[in-house]
Every structure is written in C-alpha cells, then in structure tokens.
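A, B, ... follow the sequence lines: proteins, then strands. Residue 1 opens every chain.
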Number of protein chains: 2
Amino acid sequence: MTDPIDSTFARLRIRVHFGEALMLGPGKADLLELIGTTGSISAAGRAMSMSYKRAWSLVDEMNHAFQTPLVESARGGPKGGGAHLTDTGQAVLDHYRKLEDITAEAGAARIGAIRDLLKDVSDGK
Amino acid sequence: MTDPIDSTFARLRIRVHFGEALMLGPGKADLLELIGTTGSISAAGRAMSMSYKRAWSLVDEMNHAFQTPLVESARGGPKGGGAHLTDTGQAVLDHYRKLEDITAEAGAARIGAIRDLLKDVSDGK
DNA sequence: TTGCGTTATGTTTGGTCAGACATAACGTTC
DNA sequence: GAACGTTATGTCTGACCAAACATAACGCAA
C-alpha cells in the first residue's frame, strides 16, 4: 500500500531446479520458514492460506529429496503434535534466503535497465 | 558452455515481477529470441510447441507493457506477413539473458551448497 | 478414558487456464 | 483477382491441479 514506487516494484523471484528430483522456490522456502516459527505444519499452512494437505505434501517431497529430512514431525502429545526444522532444514532455508539476496543484488542493474524501458506506471496514481 | 558437471543438473530459473504490469520469465524470453531468429510469431510458437494464440497474447502483453513495442508485425505481403524484434525488444532480451548469466554465476556457490545436501542422484551414471 | 489438536492419507469436486477450433483481414505475387 | 501464409481475435472444451471433504491414528493431560 504505502510502498514507494521503486523498491518493491521490481521483484526477482528465483526457483532452482535440481533435475527431476526437486524444485525449490519461494513457496517451499516460505513454508519452511513458517514451520520453523510456528512449530506446526498446519499452522504454517494456515498462515500462508495453503491447505494442510498441500503443505504436508511439499514437506514430504522435500524430506524425500534430501539426504536428511528438513522437517521432523510428531503426532499426539499435549498439543496434538507438531513439527520443527532440522539443522539441515534450517541450513537449506538459510542458503535459499542468501541466494535470494545475492541474486537480487547481482541483478539489480539489469533489472533496473529493463524497468526503465517499461511504461511509467507511477503517473496515473 | 564448458561448465562443470553440476551446472546442467542444478538450474536457476528467474522471473522478474514488475508490479502488476508485467512479469518476465524464461517463456517470454525464449519467445522473443525465437521471433528474432524465425521472423514470425507463429513459427516461434511452433518451435516451442506453443499455440499461436498464446504466443501472440504474450507478445501483445509485452508490447503494451513497454514504452516501445518489443515486436513489430505485419500482415500480408509475399510470405503472408511476419514479425521482428525492435531495438527495444533486442535490448530487453539481451538484458534478460545477461541477468540469467549474472544471477547464475552469483548464486553458484549457494546452489552448490544446497545441491550437496540432496540425495545423491549421480550414482547411476 | 475421554477429549483435543495435530499429523497423515484417500477420495471427490471444482475453477482455471491452456489448447483446439473457427474465422476474418491483410497484402504481395503470379 | 485468386491463392497463400501470416497476423489477429473470438468461442468453446477439456485436462489438470488444487482445494474441499472425509477419516484415521496418535499420545499426553485432565
């Protein structure tokens, strides 16, 4: 809403394809992060308005693609269960976030160059 | 080209969101490139097994988003018509390809770090 | 031992987006 | 002026993927 025109306007989204094994993008990264903060797959899913089923399937996909699971989960218990990031999970998330930062910085000039060729969007509003 | 082993395995795909105005990704870039080489929207579409309708709509979207059209087209004529990249179109394509190179290089280490955590897929070969 | 909120998994329904199909206009060449 | 291959545009259909719905297991707390 109250964003300045430039900074949030051009946004680079990245997705890494590891052959057929896995593709890692913003969705899985956000999910991992939310599982870390909420301690629950379902809570993470709700936070990004994603169905539990889909959230779980993404977690399952990631867990099977890596040597070590990224998310450990437990059923039952006082709060019914829960999930948390493993060290590997945290490492993958950190790497991905850094990757976002690095690529955004490296590409800023080229993105700006393309942006300058676009129609001016800030005039009407 | 003469990339080390992992480069073909882990592939970084980028997509730039310019607010609501436009998003520019591999599909549109490839389409631009093929229009440049084939001189035809329909031929470019066929080359990437994309329907003419879709190819045209992507071109139309890009043409409207930029100050200057990226693709100029003509109907009729000896070969029925055709299309070609404008200077702006070539510039945008060049910027995008460079962006791909720059981000891939900048992110190589982090991508490699994630890749190393994946299950070993290269054992078969 | 009942209740709770979660993980875990199958089945069905539905909305959306892309492709298929149809048609027209166009302008040079023969 | 007939033919051709392309641009340009509308409509319709279908396949796919995600959400919705349903159900079970689990383990601690009270």
Side-chain angles (χ1 to χ4, degrees), chain A residues 13 15 17 20 22-66 68-86 88-89, chain B residues 13 15 17 20 22-66 68-86 88-89:
Chain A
R13 307 201 48 158
R15 175 159 288 142
H17 288 59
E20 302 298 306
L22 177 74
M23 57 191 243
L24 188 59
K28 291 208 185 84
D30 290 350
L31 182 61
L32 282 181
E33 185 163 359
L34 282 166
I35 289 173
T37 57
T38 64
S40 156
I41 295 177
S42 67
R46 279 195 300 273
M48 52 196 298
S49 53
M50 173 187 288
S51 70
Y52 171 81
K53 171 130 202 182
R54 173 149 180 74
W56 180 86
S57 72
L58 294 181
V59 167
D60 188 60
E61 188 187 341
M62 286 187 281
N63 276 352
H64 281 88
F66 286 89
T68 306
L70 306 193
V71 174
E72 274 176 352
S73 57
R75 290 195 283 197
K79 291 181 157 184
H84 66 97
L85 289 188
T86 63
T88 305
Chain B
R13 314 216 15 165
R15 176 160 287 141
H17 288 60
E20 302 299 306
L22 177 74
M23 57 190 244
L24 188 59
K28 292 208 184 82
D30 289 350
L31 181 61
L32 282 182
E33 187 162 358
L34 282 166
I35 288 172
T37 55
T38 62
S40 155
I41 296 176
S42 68
R46 280 197 299 273
M48 52 197 297
S49 55
M50 172 187 290
S51 70
Y52 170 81
K53 170 131 204 181
R54 175 150 180 73
W56 181 86
S57 72
L58 294 181
V59 168
D60 188 59
E61 188 187 341
M62 286 188 281
N63 277 350
H64 281 88
F66 285 89
T68 305
L70 306 193
V71 174
E72 274 175 353
S73 56
R75 289 196 282 198
K79 290 180 157 185
H84 66 98
L85 290 189
T86 63
T88 304

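We find that CG of L58(B) is positioned 13 Å from C1' of dC17(C), with the value rounded to whole Å. Separating the CG atom of N63(B) from the C1' atom of dA8(D) is a distance of 13 Å, rounded to the nearest angstrom. Rounded to whole Å, atom C1' of dG5(C) lies 9 Å from atom CZ of R46(A). Spacing between atom NE2 of H84(A) and atom P of dT7(C) amounts to 12 Å, rounded to whole angstrom units. E61(B) has its CD atom 14 Å from the C1' atom of dC17(C), to the nearest Å. Whole-Å rounding puts the M48(B) CE to dG19(C) C1' distance at 15 Å. Taking atom CD1 of I41(B) as the reference point, atom P of dT9(D) lies 10 Å away to the nearest angstrom. Note: CZ (R54(B)) to C1' (dC21(C)) measures 18 Å, nearest angstrom.
Between K53(B) and R75(A), the residue anchored closer to the 5' end of DNA chain D is K53(B), taking for each the nucleotide with the nearest heavy atom. Residue K79(B) is the one, among K79(A) and K79(B), whose nearest nucleotide of DNA chain D lies closer to the 5' end (criterion: closest heavy atom). For G76(A) and G76(B), each mapped to the nucleotide of DNA chain C holding its nearest heavy atom, the one lying further toward the 5' end belongs to G76(A).
Under 4.0 angstrom from either OP1 or OP2 of dA20(D) there lies no side-chain N or O belonging to S51(A). For the pair S40(A) and dT7(C), the criterion of a side-chain N or O lying under 4.0 Å from OP1 or OP2 is met.
In plain terms, the two heavy atoms of R13(A) and P26(A) that are nearest each other are NH2-CB, 3.0 Å. Considering all non-hydrogen atoms of both residues, A44(A) and T38(A) come closest at N-OG1, 3.7 Å. Nearest heavy atoms, I41(B) versus A83(B): CG1-CB, 3.7 Å.
Within 4.0 Å of A43(B), counting heavy atoms only, lies no atom of the nucleic acid at all.
Relative to the side chain of W56(A), the nucleotides dT9(C), dT6(C), dT9(D) differ in distance, and dT9(C) lies closest. Checking dT7(D), dT7(C), dT9(D) against the side-chain heavy atoms of S73(A) singles out dT7(C) as nearest.
Residues L22(B) and M62(B) form a side-chain contact, since some pair of their non-hydrogen atoms from C-beta on lies under 4.5 Å apart. Here the side chains of K28(B) and V59(B) are not in contact, with every heavy-atom distance at 4.5 Å or above.
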